[in-house]
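Treat the numbers as computed from the prediction; the structure is a model and nothing was measured. Chain letters run A, B, ... following the sequence lines, proteins first, then strands; residues in each count from 1.
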2 protein chains.
Amino acid sequence: MENVKNLIQQRIKEKGLRITPQRYAVYANLLARCDHPTVEQILIEVNQDLPIASKASVYSALTVLREVGLVREILLDEGITRYDGRIDPHHHFVCVNCGSILDLEWDNFKDLPLQNLPTGIKGTSYEITVKGTCDQCGS
Amino acid sequence: MENVKNLIQQRIKEKGLRITPQRYAVYANLLARCDHPTVEQILIEVNQDLPIASKASVYSALTVLREVGLVREILLDEGITRYDGRIDPHHHFVCVNCGSILDLEWDNFKDLPLQNLPTGIKGTSYEITVKGTCDQCGS
DNA sequence: TTCGTTGTTGCACTTTAGTGCGATAGAATT
DNA sequence: AATTCTATCGCACTAAAGTGCAACAACGAA
Ligand SMILES: [Mn+2]
Ligand SMILES: [Mn+2]
Ligand SMILES: [Zn+2]
Ligand SMILES: [Zn+2]
């Protein structure tokens with residue numbers, strides 16, 4: 001509990017950012033959940049108990065957290081920007097029924113042959129999106 | 001030339017759509033190019049020689065072509081909806097330098113193991129996005 | 001060729017993600 | 001504790017993708 005709090009604060013600090021309740025709340029919220037929320041969802045959850053961060057602050061926090069590499073954007077469905085607290089390489093699963101987005105571990109699909117691409121093209125990284133049905137929606 | 005024209009018209013027709021100059025132009029443009037244009041880019045190219053389709057019509061044509069499965073949307077970068085005239089399974093390459101988007105053939109990465117996913121999750125399809133540098137931008 | 005149905009047009013309008021601002025509050029360093 | 005610099009706030013605003021509309025045009029079946 002306390003350790004997690006310190007870890008989060010340290011992460012923010014060592015990136016040269018000031019630790020503010022708003023940044024802490026946004027980052028902690030993102031780390032605590034395994035879905036991939038939109039700005040709107042983060043805004044709501046972060047203010048659920050008591051108001052702590054305005055819309056402008058949540059945008060600001062996400063922008064700065066993304067700039068220092070603590071957080072990343074994910075673009076899976078049409079015009080919706082989602083955020084991911086995991087920055088290590090991994091893949092994503094999208095349920096075609098309920099739309100939920102789950103992490104898939106890197107090891108599931110590793111060592112793909114990036115050598116065999118058309119001439120002149122140098123692939124340096126890749127990411128896979130798997131579609132199907134999730135636990136809840138399983139046929 | 002003439003054959004291609006007939007093929008395109010037939011494709012539209014056999015999907016139960018009326019053939020109009022606007023739909024033809026949009027679909028033909030999408031088939032003729034190997035990039036993955038935005039609505040705006042299609043609108044410009046289609047009207048380059050002489051005005052043939054309004055903004056509303058291009059949107060309308062793309063919507064209806066997508067509904068019948070002749071065309072698909074691609075979402076690779078932030079909030080930008082692009083269109084793809086290829087509907088067969090394939091992957092995409094994104095140049096991190098110039099942003100160009102190229103098709104990668106399905107066979108490059110086929111038979112990925114969709115069995116080893118977490119319990120309860122059934123993967124039915126996948127798509128890979130490779131990032132790197134393209135022919136032009138090669139180091 | 002005629003006619004009914006459907007598509008197109010231009011433009012104003014909606015929608016929604018994201019930003020700018022100036023005053024206030026608060027973090028961190030001394 | 002004092003100081004300084006930076007972040008937050010609410011809210012109005014921007015920007016840009018996409019839609020609604022109603023008059024008009026034109027596709028295609030017969
Ligand atoms: Mn993730
Ligand atoms: Mn493609
Ligand atoms: Zn589901
Ligand atoms: Zn390039």
Side-chain angles (χ1 to χ4, degrees), chain A residues 5-6 8-29 36-47 50-68 70-84, chain B residues 5-6 8-29 36-47 50-68 70-84:
Chain A
K5 188 172 175 181
N6 285 340
I8 293 177
Q9 291 185 333
Q10 194 185 335
R11 286 241 193 105
I12 299 175
K13 193 170 190 176
E14 73 192 5
K15 292 293 183 177
L17 299 180
R18 278 194 182 176
I19 301 168
T20 67
Q22 291 78 15
R23 287 173 181 175
Y24 178 88
V26 167
Y27 187 43
N29 180 261
H36 296 76
T38 62
V39 177
E40 193 63 22
Q41 292 173 320
I42 296 169
L43 180 61
I44 291 169
E45 279 218 8
V46 146
N47 292 314
L50 90 162
I52 187 176
S54 70
K55 187 177 78 160
S57 297
V58 172
Y59 271 103
S60 166
L62 285 170
T63 299
V64 77
L65 287 169
R66 178 168 42 74
E67 282 172 355
V68 301
L70 285 180
V71 147
R72 65 199 274 215
E73 285 183 349
I74 325 204
L75 311 157
L76 289 178
D77 33 23
E78 139 112 63
I80 299 176
T81 302
R82 299 178 172 277
Y83 283 87
D84 196 338
Chain B
K5 188 173 177 181
N6 286 339
I8 292 177
Q9 292 185 333
Q10 194 184 335
R11 288 242 191 104
I12 299 174
K13 193 172 191 175
E14 73 190 7
K15 292 292 185 180
L17 299 179
R18 276 195 183 173
I19 299 168
T20 68
Q22 291 77 18
R23 286 172 182 175
Y24 178 88
V26 167
Y27 188 43
N29 180 259
H36 297 75
T38 62
V39 178
E40 192 63 22
Q41 291 173 319
I42 296 169
L43 179 62
I44 290 169
E45 278 217 8
V46 147
N47 292 315
L50 90 162
I52 187 176
S54 69
K55 187 176 78 161
S57 299
V58 173
Y59 271 103
S60 167
L62 286 170
T63 300
V64 78
L65 288 169
R66 178 168 42 75
E67 281 171 356
V68 300
L70 285 179
V71 147
R72 66 199 273 216
E73 286 182 350
I74 339 195
L75 311 157
L76 289 177
D77 34 22
E78 144 111 62
I80 298 175
T81 302
R82 298 178 173 278
Y83 284 86
D84 194 339

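When distances are taken from the side chain of V39(B) to each of dA28(C), dG18(D), dG7(C), the shortest belongs to dG18(D).
Shown here for I52(A) and A25(A), the closest heavy-atom pair between the two residues is CD1-CB, 4.1 Å. The shortest heavy-atom contact between V26(A) and L62(A) is CG1-CD2, 3.6 Å. A pairwise comparison of heavy atoms in L76(A) and L75(B) identifies O-CD1, 3.7 Å as the closest pair.
Regarding L43(A), its CG atom lies at a distance of 13 Å from the C1' atom of dA17(C), rounded to whole Å. In this structure, the NZ atom of K15(B) is 20 Å from the C1' atom of dT6(C), given to the nearest Å. The OH atom of Y24(B) sits 14 Å away from the P atom of dC27(D) (whole-angstrom rounding). Look at CD1 on I52(A): it is 17 Å from C1' on dG10(D), rounded to the nearest Å. A straight line from CD of Q9(A) to P of dA27(C) spans 11 Å, rounded to a whole angstrom. Rounded to an integer number of Å, the gap from CD1 of I80(A) to C1' of dG18(C) is 15 Å. Atom P of nucleotide dA25(C) and atom CD1 of I19(A) are separated by 23 Å, given to the nearest angstrom. Distance R82(A) CZ to dT16(C) C1': 15 Å, rounded to the nearest Å.
Q22(A) contributes no side-chain N or O that, together with a main-chain N or O of V58(A), makes up a donor-acceptor pair within less than 3.5 Å. At distances below 3.5 Å, at least one donor-acceptor pair connects side-chain atoms of N47(A) with backbone N or O atoms of L43(A).
From one end of the helix from dT1(C)-dA30(D) to dT30(C)-dA1(D) to the other, with five pairs defining each end axis, the axis direction shifts by 50° (rounded to 10°).
Contacts between residues 61-68 of chain A and DNA chain D, defined by a heavy-atom separation under 4.0 Å, are absent.
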Exercise for review: Please assess D77(B) against R82(B) for the test side-chain contact (heavy atoms from CB on, under 4.5 Å), listing each intermediate value before the final yes or no.
Suggested key: CA-CA 9 Å; D77(B) 34 22; R82(B) 298 178 173 278; 3.6 Å; yes
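Here CZ of R23(A) is found 8.5 Å from CZ of R18(A). Values are rounded to the nearest 0.5 Å. For the atom pair OG1 of T38(B) and CD of E40(B), the computed distance is 6.0 Å after rounding to the nearest 0.5 Å. Note that NZ of K13(B) and CD1 of I19(B) are 5.5 Å apart. Values are rounded to the nearest 0.5 Å. Taken from OH in Y24(B) to CD1 in I8(B), the straight-line distance is 4.0 Å, to the nearest 0.5 Å. Note: L70(B) CG to E14(B) CD = 8.0 Å, rounded to the nearest 0.5 Å. Residue I42(A) holds its CD1 atom at 7.5 Å from OH of Y83(A), rounded to the nearest 0.5 Å.
For the pair T81(B) and dG18(D), the criterion of a side-chain N or O lying under 4.0 Å from OP1 or OP2 is met. Contact between the side-chain N/O atoms of Q22(A) and the OP1/OP2 oxygens of dG26(C) is not found at any separation under 4.0 Å. Within the structure, every side-chain polar atom (N or O) of T20(B) is placed at least 4.0 Å from both OP1 and OP2 of dA26(D).
In this structure, Y59(B) and R18(A) both approach DNA chain D, and ranking their closest nucleotides by distance from the 5' end singles out R18(A).
S57(B) comes within 4.0 angstrom of a base, heavy atoms only.
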Anything under 3.5 Å between a protein N or O and an N or O of nucleotides 12-15 of chain D, put it in a table, one pair a line.
none

